[in-house]
Amino acid sequence: MKNKVNIDTIIYLVLIITSLIFIYAGSFLFEEGSFIGNRGNNRTVDADTATDRNKPFPVVHKAVSTEINGIKQKINILEIDLSSGGVKIKPALAFDTIYGFQSLKDIAINNNAYAAVNAGFFYSYGEPSGMVVIDGKVYTKSTGKYPVFVVQGKNAFLSEIKSNIWILHGNRRIAADDINREGKPGETVVYTPVFGPTNRADKLHTSYIVENNRVARKFRGDTECKIPSDGMVITFYEPISSEEKFEVGDWIGIDIDPDFGPGFQAYECGSWLVRDGQVVAVDRDDWVGLLTNRDPRTAIGVKHDGKVVLVTVDGRQPGYSVGLSSRELAGYLLTLGIKDAAMLDGGASTQMIVQNKTVNRLPARERMLGGGIVVVVDEDL
C-alpha cells in the first residue's frame, strides 16, 4: 500500500512539472509579434521602417470656402512636399503623345497618379503650347515667352527659359529650329516617336531616318516620312545648305540646353501671377484674353519653403462660387505663402482630381484635355 502511494505521488509530481514546462514554453511560442502567432506577419519591423511609416504624407488636399472681395469662392488646394521623397510632380500628355485629347481622370489613371489638375494651353489638335519635358525626355521646346515650371529631384522652381535643340554630328553642333512641331520652309525639325507615326510633312524636304543613333536612310520628297520606334527623323525643309547633309551610317545625337540633369520635369505655363513674392498678374493674356473677368482658374506655384501648390477656383456658379480675376487670384496665392506662381488653363478646363475623384465642381460637363499636371506617390507610403 505504501509503495502504491509513493508511485501515485511520483506520477502526480511528474504531471505537475510537465504542465509547468508546457505553460512556460507556451508563453514564448504564442507571444505577440513572434514568428509564430504574429497574425500572419512573419517579418520583424526595424527602426528605419517604423520611422518611414511615421513620416507625414507628402500631399495635403484642402477644400476652402471663403469670400474674396465679398464674393463666395470655393477653392481646392494641393500642397506637395518634394523634400520628403516618395512623391513626383510632372506633366502628362493625353495618350503620352503630342496630339490628342483625354479626360483628366483617364490621364491620372494612366499615370497612376494620386492627384492631378488640368495643365496649360494646347493647340487645336492637342499640341502643347510650349515646353514639355517628362522624366528627362524632351517632347517640345520652350517659346521663351512664359514661365516654365521645372522639377529637379526634390526641388521645384518657376523660371523663364529659352531652350535650344542641337543635332550632334561628328565635331559639329547643328542648331535645330524645333522639335516635334510642324516645320516651315528653311527650318530644321527633329521628330521623335511621341510626335506620332510620321513627321506629317507636306512640303518639299530632305529627311534622315535615324535608328539607334545611326543614319539608316535618306528620304527626299513632299510627303510624310515614317518615324522609327527606336529613333528619330531629322527633317530639313527646303531650301537647305550643303553643310546640313548627312551620310548613311553617320552617328547622330541630340542635345538640349539648358540641361537640368537626368529625369527632370518641365512644363511651360501661362502668364506670371506672382514673382519673388510680388503680384505681377496681367490683365490680358495671349491665350486667355481678358483676365479681369471672374472665371474658374487653375494655377501652379512654389512657396517660400519650397513646397509646390496646385490651386483650382470654381467659377461661373452664382451663389456657390463666382471665380476670380487674375489679380484676385494672385493676391489669394500670396496668403498661402507663395513665392512664384503662374497661370494654367482655366474656364471649363479647370479641374482637380484626388484619388480618382473630381473634388471641384465643374461649371459644365468634363472637358477633354491635351494634358495635365500629375502627382505620383510611391505605393509604399
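Values reported hereafter were calculated over all heavy atoms of this structure, with side chains retained and with hydrogens, waters and symmetry mates removed.
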Distance-only polar pair, side chains of D314 and Q73, donor-acceptor under 3.5 Å: no

Verify whether the ring centers belonging to Y146 and F121 lie closer than 6.0 Å. no

So, K226 and T198: side-chain donor and acceptor under 3.5 Å apart, yes or no? no

Holding to side chain to side chain contact (heavy atoms under 4.5 Å, CB included), I want the full list of residues that pass it with S159, two or more places apart in sequence or in another chain. F157, I161

Has R200 got its NZ or CZ under 6.0 Å from the middle of the six-membered ring of Y99, at an angle within 45 degrees of the ring axis? yes

N/O donor-acceptor pair under 3.5 Å between R220 side chain and T206 backbone: no

Tell me whether the centres of the aromatic rings in W251 and F246 are closer together than 6.0 Å. no

Between R181 and E187, does at least one N-O distance fall below 4.0 Å, as a salt bridge requires? no

Among residues at least two apart in sequence or on other chains, which ones pass side chain to side chain contact (heavy atoms under 4.5 Å, CB included) with P228? I209, E211, D230, V233

Just how far is it from atom CZ of R173 to atom CG of L168, taken to the nearest 0.5 Å? 6.0 Å

Under 4.0 Å between a Lys/Arg side-chain N and an Asp/Glu carboxylate O for D250 and R214? no

R294 and E328: salt bridge (charged side-chain N to carboxylate O under 4.0 Å, His left out), yes or no, with the steps? CA-CA 9 Å; R294 292 190 172 105; E328 288 173 329; 2.7 Å; yes

Polar side-chain atom of S142 near backbone of M131 as donor-acceptor pair, under 3.5 Å: no

Of all heavy-atom pairs between S325 and T292, which one has the smallest distance, and what is that distance? CB-O, 3.5 Å

With sequence neighbours left out, the residues meeting side chain to side chain contact (heavy atoms under 4.5 Å, CB included) with R275 are E160, W272, V280, D340

Donor-acceptor pair between T358 and E366 side chains, under 3.5 angstrom: no

If we count only N and O atoms by modelled type, under 3.5 Å, do the side chains of N180 and T192 hold a donor and an acceptor together? yes

Step by step, work out the side-chain hydrogen bond (donor to acceptor under 3.5 Å, both in side chains) result for S349 and N118. CA-CA 7 Å; S349 297; N118 63 285; 5.4 Å; no

